[in-house]
Amino acid sequence: MLVTGEFLKKYPEVARMAQSKGVHPRRVAAGEISKIWGHSGMAHQGIALRVGRLSGHDGSKLRVEDIVSAHLSNTSTVVLLDRVTDINNVGAIVRSAACFDVDAVILPEHHSPSESCVITKASSGAADIVPVVQVGNLVKTMEYLKQHGYWCYGMDAGGDKALHEISFCERRAIILGSEGKGIRRLTREHCDHLVKIPMSARIDSLNRSKRLVIAIDGPSSSGKGTLAKELANVLRMQHLDTGKLYRVFAVKFPHKYSQARSHEEIRLNTEEEEEMLAALNNDDPGYYSEHVGRMASILARNSQVRSALLPIQRQFVLNAPQGAVVDGRDIASVVCPDADVKIFVSAYASVRARRRFRQLCGSNRKAMYKTVLFHLLHRDIRDTCRSSAPLVRTEDAIYLNNSHMQKAAALRELVEKIKTFL
Ligand SMILES: Nc1ncnc2c1ncn2[C@@H]1O[C@H](COP(=O)(O)OP(=O)(O)O)[C@@H](O)[C@H]1O
Ligand SMILES: Nc1ccn([C@@H]2O[C@H](COP(=O)(O)OP(=O)(O)O)[C@@H](O)[C@H]2O)c(=O)n1
């Protein structure tokens, strides 16, 4: 067992359990675990364990014939991937296949990631549940499947039937195409049906499994939270409002902040972290008050507070199966520096103050425009001038000044830009 120091610090009980079973964890740097995958971009959680073969995996290569003969008299679903090259996409498809009781995922030997620990990792272990079978020729495999009673359904944006109009036969092969090009011509010609998934008019090509991380930063009341929530909705991803996390911390753990002011390290145990994550779904208006916002903005200057909240944010992103839209101040620069898409949302201070003023009036809180503007400018100064993770616009971020845009127009513009990353 290889573990990183950070993992050991966070989960000492795992080391104790391993030792009680005669396994002695060896402490290594995170990079050493990355090397095992042979894939530098692969995220891991700081632990790797060498295991024997799972029962039922005898080491010989599975063949399509084995899958077909194991399901001769039953309903059967197999998924064929036509040159899906991104390992994370293959992993996500195998994971979904495990949820939908698929009998096998079949991919061509060439032009696909080879089955290895990388697929197992990318599928979060689902490759141990659903057999991944490699074949020499996909079209011949489709012909073989047809001879054994399977109907072939190709998923294609230009398909003649919508998914809900199809009544699937009991034995079916679902064919998914590659990331950019879709299903190849010959494969398409061998499908019995081409099926499309109708999309929302707002986004007409949703990549079925590409996991995306979208980082959105911007000053107070620029509209980043509104855009982040809408984007997550349109792209069916999870949304993390990191400002809310700072607000929750300010409400729940003010005593820890006093400790941090004397430069003591802040520790949050697993229960406290879970309490914070649960509060993210709590819409109690108390969290959104100006007073709590101000407290959050003051304690967010403290580097101990930021260090304590950083792993919670990163873990949230790691755990989001379809990826996440994360909004805040230091997302592109600190929390997710490797995000696939980085966005910086801004608007003039007077516009932002007017928006916040309207928001406060709408929620029946007493507000004066001048006071709102005053607090907002102070918040801008605290956010941009603090030494720890200040608000910055990174060079690779898409810039959107939405001062003169309605919410829907701003969203449409971002969706258009993001489409190029899908
Ligand atoms: N383009 C826009 N036009 C008008 N009002 C907006 C726009 N974008 C956001 N708002 C409103 O401004 C307020 C602050 O937006 P919010 O998304 O919470 O900002 P942030 O997350 O950047 O602090 C909300 O009441 C929101 O409905
Ligand atoms: N990633 C983040 C998110 C919020 N914050 C701070 O936390 C405060 C509350 O976040 P918010 O997004 O709810 O606040 P406002 O948009 O109301 O300013 C902000 O004023 C920031 O100072 C931060 O420092 N870093």
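Starting from 1, each residue takes its place in the sequence as its number. Remember, it's 1-based here, ligands and their atoms both numbered in the order they're listed.
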*Thr242 heavy atoms, cut-off 4.0 Å: which ligand 2 atoms fall inside?*
1 (N), 2 (C), 3 (C)
*Applying ring-ring contact (aromatic ring centres under 6.0 Å, His included), which residue pairs with at least one partner in residues 217-251 are found, sequence neighbours left out?*
Phe249-Phe253
*asked:* Check this for me - ligand 1, Ser222, N or O atoms closer than 3.5 angstrom, yes or no?
replied: yes
_Any N/O pair Asp241/ligand 2 closer than 3.5 Å_ = no
_4.0 Å heavy-atom contact, Ser221 with ligand 1_ = yes
*Under 4.0 Å between a Lys/Arg side-chain N and an Asp/Glu carboxylate O for Arg306 and Asp330?*
yes
*Would you mind checking if Asp217 and Arg329 are paired as a salt bridge, meaning a charged N to carboxylate O distance below 4.0 Å?*
no
*Presence of salt bridge, Glu272 and Lys252, under 4.0 angstrom*: no
*From Ser220, Ala408, Gly293, Gly223 - option closest to atom 19 (O) of ligand 1 by heavy atom*: Gly223
*Counting each atom of ligand 1 from 1 as listed, which ones have a heavy atom of Pro219 under 4.0 Å away?*
22 (O)
*Where the closest heavy atom to atom 4 (C) of ligand 2 is concerned, which of Ala296, Ser220, Gly243 has it?*
Gly243
_4.0 Å heavy-atom contact, Arg382 with ligand 2_ = no
*Is there a heavy atom in Arg294 that sits closer than 4.0 Å to ligand 2?*
no
*asked:* Using heavy-atom distances only, which candidate in His378, Arg301, Arg329, Arg352 approaches atom 5 (N) of ligand 2 most closely?
replied: Arg329
*How are the rings of Tyr399 and Phe344 set to each other: parallel, tilted or perpendicular (split at 30° and 60°)?*
parallel
*Classify the contact between Arg386 and ligand 2 as side chain, backbone, both or neither, using a heavy-atom distance cut-off of under 4.0 Å.*
side chain
_If the cut-off is 4.0 Å to any non-hydrogen atom of Arg356, which atoms of ligand 1 fall inside it?_
23 (O)
*Output yes when Glu6 and Lys10 qualify as a salt bridge under the 4.0 Å nitrogen-oxygen rule, no when they do not.*
no
*Check ligand 2 against Arg356 and write out every atom of the ligand that is under 4.0 Å from a heavy-atom position of the residue.*
16 (O), 17 (O)
*asked:* Would Met405 count as being in polar contact with ligand 1, using the rule that some N or O on each side must be under 3.5 angstrom apart?
replied: yes
*Return a yes/no value for Gln313: is any of its N or O atoms, backbone included, closer than 3.5 angstrom to an N or O of ligand 2?*
no
*Which of the atoms of ligand 1 are close to Thr226, meaning less than 4.0 Å from one of its heavy atoms?*
9 (C), 15 (O), 16 (P), 17 (O), 26 (C)
*Atoms of ligand 1 less than 4.0 Å from Gly225 heavy atoms?*
17 (O), 20 (P), 21 (O), 22 (O)
*Within a distance under 4.0 Å of any heavy atom of Gly328, pick out the atoms of ligand 2 and give their elements.*
1 (N), 3 (C)
*Between Lys244 and ligand 2, does any nitrogen or oxygen pair lie at a separation below 3.5 Å?*
no
